[in-house]
Undergrad: 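The following block contains the structure, expressed as structure tokens.
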Protein chains: 2
Amino acid sequence: MPDMSRQNRTSELKSRVLSAALARFTESGIARTNVGDILKDADCSVGSLYHHFGNKEGIAEALFIGGLQQFNQNLLDALLSHRKAEPGVKAIVTWLCQWVTEQPQLAAYMLSREIKLSEEAKQEMREIDQSFRESLTAWFAPRIESGELKNLHFNVYVPLISGATLEYSRMWLSGRYSRSPATVSDVMAEAAWQSVRES
Amino acid sequence: MPDMSRQNRTSELKSRVLSAALARFTESGIARTNVGDILKDADCSVGSLYHHFGNKEGIAEALFIGGLQQFNQNLLDALLSHRKAEPGVKAIVTWLCQWVTEQPQLAAYMLSREIKLSEEAKQEMREIDQSFRESLTAWFAPRIESGELKNLHFNVYVPLISGATLEYSRMWLSGRYSRSPATVSDVMAEAAWQSVRES
DNA sequence: ACTTTTCTAGAACTTTATTCTAGTTTTGAT
DNA sequence: ATCAAAACTAGAATAAAGTTCTAGAAAAGT
């Protein structure tokens, strides 16, 4: 691509690297993909790759942080439009099922837990997580107050609502279950609701 | 240890390697631990290690398969003594919480999903899994029949019952939650039950 | 215009995993 | 008891992969 501003060529290159890496990482895991393959797939030189990402872990981290931001944002978008607890909780689960089913590669990567973040990346993640938690708290607190939801230790809501779906998704993504999360979305949503509703 | 049969010395060596590897793997991940460190920790030679385990992945697989067998066995032990659905389901969750809390290293390793199994190991896992599923089915089917449990697609029961606890455990193991799974065991058990009971 | 920064390139280097050769101990067969 | 085969140990040698380095081109800033 000689007919492009450098800015564009550079960001093109970076995203080629990222998508090549995602494909390889989900196919064979981070450990088993070697940077040579990514380089070849993305048509990128050693120098450029190390200039932009530092090292192999850097690529993995960039993918993870990017995915996390997208994940949190979309989940909140799905949740925040609802006012009542039941549809809100169910919307989270439904969106999750859809996200996993529609972007299996990214989901497999995000759910794989293969990535060991560096200290800086951990810090960045904590910040992202912090603001995500605050948004969640703002939505949940009033519904707990109002008695729509059981009053539990805050940390358990996320696992209770998403845990089953994520676990099911991991199984589907690894090929051990054949029906996609989207096909069991209703069951998961109902179960999630039953596990947190005040009864 | 010169005063031992070779059989004993060998199995001693192998378990030294396995526990050194587990410690390193949970501390830094598989990718970041190098076999040199394991060798040093376990006081083992290069030749011996590769003779017994083939390669680094081989160590990881041995740990995983061993852990899986122990996991399945103990979970079934906790479950099968119960006849009614509610205490059975709750026993699974309670046992899970206890297992994670008492063996955090092994649990962290098993839940990390960092391990990419070789084809042979995958095959072995499928067999273990197969017999595990059969035992589970034998326990669940009559409780579904009898109407104690909702009638759902079989694959969803495991995620529904264990998903939230596993997700919570991952957070605790990674240091992001401070209360151990054992301390939220009752909440998780109740929620799991609510999510699968016929209502 | 020229200085600085960003970016690209690939050869050189380093690190780490794995193989190989050689020798020792044990087991099993005759 | 003797021999042959198999299991095991050891560490040097090798291969494979990740990363650094040097050099130079392109763009941005002054």
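The shown structure was predicted, so the numbers you read here are calculated from the model rather than taken from an experiment.
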Undergrad: Please enumerate all residues that pass ring pair (Phe, Tyr, Trp, His ring centres under 6.0 Å) together with A:Phe140, with sequence neighbours excluded.
TA: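 A:Phe140: ring pair (Phe, Tyr, Trp, His ring centres under 6.0 Å) contacts with A:Tyr157.
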Undergrad: Evaluate side chain to side chain contact (heavy atoms under 4.5 Å, CB included) for A:Glu86 paired with A:Arg197, printing each intermediate quantity in order.
TA: CA-CA 8 Å; A:Glu86 181 172 352; A:Arg197 71 181 292 191; over 6 Å; no
Undergrad: Got B:Leu117 and B:Glu61 here, is their nearest side-chain heavy-atom distance under 4.5 Å?
TA: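 Side-chain contact under 4.5 Å: yes.
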Undergrad: Quick check on contacts: within residues 22-37 of chain A, what sits under 4.0 Å from DNA chain C by heavy-atom distance?
TA: none
Undergrad: Do B:Glu127 and B:Gln123 have side-chain atoms, one donor and one acceptor, less than 3.5 Å apart?
TA: yes
Undergrad: State plainly whether the residues B:Arg170 and A:Glu167 are in salt-bridge range, i.e. N to O under 4.0 Å.
TA: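 Yes, charged N to carboxylate O under 4.0 Å.
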Undergrad: Between D:dA7 and B:His52, is there an OP1 or OP2 to side-chain N/O distance shorter than 4.0 Å?
TA: no
Undergrad: Under 4.0 Å between a side-chain N/O of B:His51 and OP1 or OP2 of D:dA10, yes or no?
TA: no
Undergrad: Quick test of your reading of the model: are A:Asp129 and B:Arg176 salt-bridged, counting only N-O distances below 4.0 Å?
TA: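 Result for this pair is yes, salt bridge flagged.
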Undergrad: Could you tell me how far apart A:Arg9 (CZ) and D:dA25 (C1') are, to the nearest whole angstrom?
TA: 10 Å
Undergrad: Could you tell me if the side chain of B:Met110 sits less than 4.5 Å from the side chain of B:Gln70, heavy atoms only?
TA: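 No, side chains not in contact.
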Undergrad: Taking everything shown except A:Lys150 itself, do over 12 heavy atoms lie less than 6.0 Å from its NZ?
TA: yes
Undergrad: With the threshold set at under 4.0 Å for non-hydrogen atoms, list the residues of residues 53-63 of chain A touching DNA chain D in residue-number order.
TA: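 Listed by number, they are A:Asn55, A:Lys56.
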Undergrad: I'd like to know if B:Glu114 pairs up with A:Lys116 as an ion pair, taking the criterion as any Lys NZ or Arg NE/NH1/NH2 lying under 4.0 Å from an Asp or Glu carboxylate oxygen.
TA: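 No, this pair does not count.
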Undergrad: Throw together a table of side-chain donor-acceptor distances under 3.5 angstrom for residues 26-34 of chain A, partners on residues two or more places apart or in other chains.
TA:
| unit_1 | atom_1 | unit_2 | atom_2 | d |
| --- | --- | --- | --- | --- |
| A:Thr26 | OG1 | A:Leu22 | O | 2.9 |
| A:Thr26 | OG1 | A:Ala23 | O | 3.1 |
| A:Arg32 | NH1 | B:Glu57 | OE1 | 2.8 |
| A:Arg32 | NH1 | B:Glu57 | OE2 | 2.8 |

Undergrad: Will you find, in the side chains of A:Ser162 and A:Thr165, an N or O donor that is under 3.5 Å from an N or O acceptor?
TA: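 No, because no side-chain N or O of A:Ser162 sits under 3.5 Å from a partner of the opposite role on A:Thr165.
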Undergrad: When the ring planes of A:Tyr168 and A:Tyr177 are compared, do they come out parallel, tilted or perpendicular, using 30° and 60° as the limits?
TA: tilted
Undergrad: Work out how much the helix from C:dA1-D:dT30 to C:dT30-D:dA1 bends between its end axes, five pairs an end, to the nearest 10 degrees.
TA: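 It comes to 20° between the two terminal axes.
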Undergrad: Taking the side chain as C-beta and beyond, is there a heavy-atom pair between B:Arg179 and A:His153 under 4.5 Å?
TA: yes
Undergrad: Tell me, which of residues 40-50 of chain B have any heavy atom that sits under 4.0 Å from an atom in DNA chain C?
TA: B:Val46, B:Tyr50
